[in-house]
Amino acid sequence: MKPAGILRELRYDQGRFPEAALREALQQREALLPVMLDALRCTPRQLQARGESWMLYQYALYLTAAWRTAEAMPLIIDFFAHPGDLPVEATGDFVSEDLPRVLASVAHGRLDPVRRLVEDERVSEWTRSANLNTILIMHLTGQLAEGQAADCFLRLLNGGLKETPGAHWCNLVTLCARFHMREALPAIERAYERGLIDPMYVRLDDLRAELTESGSQKSLAPMPWYESLIDDPVAELSRFVWSTEDKSGHDHRDKVKRNAPCPCGSGKKFKHCCREQQTALAAASTAVVGDGELAILIGDGFALGAEGQEAASCRALTAAWNVLRTRLTPAMTTLRSLDACLPKDECPEDLVFEYLIQLGNAALDDVAFAAIGIEFCEFLLRQFTDEIPLHIENVRGALGQFHFRAGDAVRGEEVLRALIADRPRRAIGYAFLADALGSERYAWNASRPLDPVEDAKDYDLALRLDDMRREAGKG
């Protein structure tokens with residue numbers, strides 16, 4: 001394919017993923033590099049003015065990164081140094097997902113431009129936070145001398161950053177903990193005292209525990225894919241995109257455009273819905289995570305749930321749970337046996353049932369969480385066969401609830417009727433079924449549906465079901 005043909009494919013969204021053109025472009029660096037650098041010479045406002053169908057800027061970011069193009073670095077820095085949130089709005093999820101990887105791919109050890117972007121108060125806090133991860137990736141990929149990244153973080157803590165609260169402060173202290181920078185603790189404590197860090201994001205006690213753990217910067221391991229350099233734009237961009245058309249003209253939705261409606265039917269864009277769950281699950285399932293990082297994930301999940309951010313809480317707890325699953329053995333048949341897998345002072349029962357609560361709440365707005373809840377409950381019932389009956393009942397009740405919230409009322413009622421039949425004098429099955437059928441009369445303590453319950457005593461299944469259906473207008 002000639003350069004002109006490649007560019008025709010890459011300039012605008014063609015409604016399909018231009019895999020062949022991208023692969024050809026990778027092999028024609030000399031001919032296409034000037035065009036790609038020119039595409040990067042634009043402002044956020046100019047990019048927005050071109051509209052969502054203009055794709056060349058995005059392809060230029062990934063191609064120049066794969067080519068390790070040093071000349072691309074100042075152009076990318078200039079774009080994201082524009083004041084305010086306009087660069088973030090113009091590029092969507094790119095800032096949080098791949099900006100650090102792209103910049104680290106073209107940095108060639110040049111730390112100062114990245115540090116200056118982090119320090120610039122006019123820049124969006126999200127861009128500043130992301131560029132702290134650029135420094136991390138530069139360290140992980142051997143671009144920085146030993147201790148250089150830690151020295152930079154310490155300098156930022158001690159006056160390099162103006163004392164304005166934001167995501168960049170939260171990410172900075174988290175990275176200091178990950179780098180085991182015990183010397184940073186006094187500055188971190190001062191930052192908390194001055195209100196620069198939201199304790200709902202990360203708790204000071206968790207950071208102290210992480211900082212005092214054994215470990216070194218040399219042993220720091222990267223998280224899969226999102227802490228690596230860009231090598232293959234085709235693989236990277238096919239995570240986001242597309243529908244493809246075969247030679248017969250049939251449309252195959254093997255991939256979904258990230259800006260398209262999510263196929264789960266939630267009404268949200270795919271990038272803000274099931275794709276986030278896929279990313280969290282895939283990343284956590286292969287990550288090598290220590291107890292300190294696991295404690296931070298669990299702490300984030302609990303804190304975000306208390307703040308009412310159910311979806312974000314679920315993402316953190318999903319990541320934590322997928323780490324825990326790699327530590328389980330077949331001999332662990334009670335929740336208490338999870339103690340051996342958890343960081344110190346974490347309670348297995350609290351983690352499991354808080355995760356169920358947050359998944360249940362999030363599933364009210366997004367069926368993707370209902371699917372995760374079903375898988376989670378079924379795993380619990382398979383693994384923890386010697387768990388106390390009360391906990392088993394609660395998991396079975398939650399499983400029925402998740403089926404209802406996934407849109408499968410028939411299966412949901414089957415699960416709950418089976419629970420009621422097995423435990424007719426316990427309230428749990430009736431309570432979940434009453435809630436699923438929309439009854440307020442029998443829905444008990446709806447704000448904490450997984451708390452322990454009282455004996456059902458004289459409940460009669462047939463009468464209660466008829467009564468519930470009449471009250472809900474379904475009988």
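It should be emphasised that the depicted structure is a prediction, and the values quoted were computed from it without experimental measurement.
Under the 3.5 Å distance criterion, the side-chain polar atoms of Arg110 are matched with a main-chain donor or acceptor of Ala107. At distances below 3.5 Å, at least one donor-acceptor pair connects side-chain atoms of Arg101 with backbone N or O atoms of Ser228. Listed for the Glu125 side chain is a donor-acceptor partner under 3.5 Å among the backbone atoms of Ala167. Side-chain atoms of Arg11 never come within 3.5 Å of backbone atoms of Trp54 as a donor-acceptor pair (strictly under, hydrogens ignored). Judged purely by atom type and a 3.5 angstrom limit, Asp350 has no side-chain atom pairing as donor or acceptor with the backbone of Glu346. Proximity of a side-chain donor or acceptor of Asp300 to a complementary backbone N or O of Ala316 within less than 3.5 Å is not detected. In this structure a side-chain-to-backbone donor-acceptor pair under 3.5 Å is present from Gln46 to Thr43. Between the side chain of Asn131 and the main chain of Thr127, a donor-acceptor pair closer than 3.5 Å is present. Side chain of Gln383 to backbone of Met332: a donor-acceptor contact under 3.5 angstrom is found. The main-chain N or O of Ala363 is never found under 3.5 Å from a side-chain atom of Arg405 such that the two would form a donor-acceptor pair.
Within 6.0 Å of atom CZ in Arg41, more than 12 heavy atoms from other residues, nucleotides or ligands are found, so the atom counts as buried in its surroundings. For Arg8, the CZ atom sits in a loose shell: 12 or fewer heavy atoms of surrounding residues, nucleotides or ligands are nearer than 6.0 Å.
For the pair Glu121 and Arg128, the minimum side-chain heavy-atom distance is below 4.5 Å. Between Val106 and Trp67, every side-chain heavy-atom pair lies at or beyond the 4.5 Å cut-off. Side-chain contact check for Leu75 versus Thr64: every heavy-atom pair is 4.5 Å or farther apart. Residues Leu157 and Val173 are in side-chain contact: their nearest non-hydrogen atoms beyond the backbone lie under 4.5 Å apart. In this structure, the side chains of Leu324 and Leu351 come closer than 4.5 Å at one or more pairs of heavy atoms. Looking at heavy atoms from C-beta onward, Leu399 lies out of side-chain contact with Val395 at the 4.5 angstrom threshold. Counting only heavy atoms from C-beta outward, the side chains of Val95 and Phe80 approach each other to under 4.5 Å. Side-chain contact check for Thr91 versus Tyr57: some heavy-atom pair is nearer than 4.5 Å.
For Arg116, there are no salt bridge (charged side-chain N to carboxylate O under 4.0 Å, His left out) partners two or more places apart in sequence or in a different chain. With sequence neighbours excluded, no residue forms a salt bridge (charged side-chain N to carboxylate O under 4.0 Å, His left out) with Glu310. For Arg382, there are no salt bridge (charged side-chain N to carboxylate O under 4.0 Å, His left out) partners, not counting sequence neighbours. In terms of the side-chain contact (heavy atoms from CB on, under 4.5 Å) criterion, residue partners of Glu307 (sequence neighbours excluded) are, by chain and number, Asp198, Met200, Leu304, Gln309. The side-chain contact (heavy atoms from CB on, under 4.5 Å) search around Ala177 returns Leu207, Glu210, Leu211, not counting sequence neighbours. With sequence neighbours excluded, the residues that form a side-chain contact (heavy atoms from CB on, under 4.5 Å) with Pro3 are Gln28, Ala31, Leu32. Here Leu196 pairs with Glu163, Pro165, Trp169, Ala191, Arg194 under the side-chain contact (heavy atoms from CB on, under 4.5 Å) rule; sequence neighbours left out. Residues that satisfy the side chain to side chain donor-acceptor pair (under 3.5 Å) test with Thr333, not counting sequence neighbours, are Asp386. With sequence neighbours left out, Asp232 forms a salt bridge (charged side-chain N to carboxylate O under 4.0 Å, His left out) with no residue at all.
Taking every heavy atom of both residues into account, Leu10 and Ala21 meet most closely at CD2-CB, 4.0 Å. What you find for Ile197 and Cys170 is that their closest heavy atoms are CG2-SG, 3.9 Å. Nearest heavy-atom pair, Pro100 versus Thr134, reported as atom, atom and distance to 0.1 Å: CA-OG1, 3.1 Å.
Within the model, atoms CD of Gln358 and OG1 of Thr318 stand 11.0 Å from one another, a figure rounded to the nearest 0.5 Å. Atom CD1 in Ile135 sits 4.0 Å away from atom SG in Cys152 (nearest 0.5 Å). In this structure, CG in Asn171 is found 5.5 Å from CG in Leu132, a value given to the nearest 0.5 Å. Between the CG atom in Leu161 and the CG atom in Leu156 there is a gap of 4.5 Å [rounded to 0.5 Å]. A distance of 10.0 Å separates CD in Glu119 from CG in Leu117, rounded to the nearest 0.5 Å. How far CD1 of Ile388 is from OG1 of Thr334: 10.0 Å, rounded to the nearest 0.5 Å.
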Mind listing the side-chain donor-acceptor pairs of residues 371-381 below 3.5 Å, one per line with the distance, residues two or more places apart or on another chain?
unit_1: Glu375; atom_1: OE1; unit_2: Arg325; atom_2: NH1; d: 3.3
unit_1: Glu375; atom_1: OE2; unit_2: Arg325; atom_2: NH1; d: 2.8
unit_1: Glu375; atom_1: OE2; unit_2: Arg325; atom_2: NH2; d: 3.4

Practice task
Take Ile137 and Leu103 through the test side-chain contact (heavy atoms from CB on, under 4.5 Å) and record every step on the way to the result.
Solution key: CA-CA 9 Å; Ile137 297 171; Leu103 270 178; over 6 Å; no
Exercise for the section: Determine, stepwise, if the pair Leu26 / Leu22 fulfils side-chain contact (heavy atoms from CB on, under 4.5 Å). Expected result: CA-CA 6 Å; Leu26 275 172; Leu22 266 179; over 6 Å; no
Exercise for the section: Output, in order, the C-alpha distance, side-chain angles, deciding distance and verdict of side-chain contact (heavy atoms from CB on, under 4.5 Å) for Leu99 and Ile76. Expected result: CA-CA 9 Å; Leu99 176 60; Ile76 300 170; 3.9 Å; yes
Practice task
Begin from the C-alpha positions of Phe384 and His391 and carry the test ring-ring contact (aromatic ring centres under 6.0 Å, His included) through to its verdict.
Solution key: CA-CA 10 Å; Phe384 301 112; His391 288 161; over 10 Å; no
Practice task
Could you walk me through whether Phe179 and Leu136 pass the side-chain contact (heavy atoms from CB on, under 4.5 Å) test, one step at a time?
Solution key: CA-CA 9 Å; Phe179 271 67; Leu136 166 66; 3.5 Å; yes
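With respect to Leu111, the side-chain contact (heavy atoms from CB on, under 4.5 Å) criterion is satisfied by exactly one of Gln143, His139, Gln148: Gln148.
Salt bridge Arg203/Asp205: absent, no basic N to carboxylate O contact under 4.0 Å. For the pair Glu9 and Arg23, the salt-bridge criterion is not met [side-chain N within less than 4.0 Å of a carboxylate O]. Between Arg208 and Glu189 there is a salt bridge, since at least one side-chain N of the basic residue sits less than 4.0 Å from a carboxylate O of the acidic one.
Judged as a salt bridge (Lys or Arg N to Asp or Glu O under 4.0 Å), the pairs with a partner in residues 64-90 (not counting sequence neighbours) are, in order, Arg68-Asp231. A salt bridge (Lys or Arg N to Asp or Glu O under 4.0 Å) check over residues 331-344, counting only residues at least two apart or in different chains, returns the pairs Arg336-Asp339, Arg336-Glu349.
Ring pair Trp321/Tyr355 is tilted by interplanar angle, where 30° to 60° counts as tilted.
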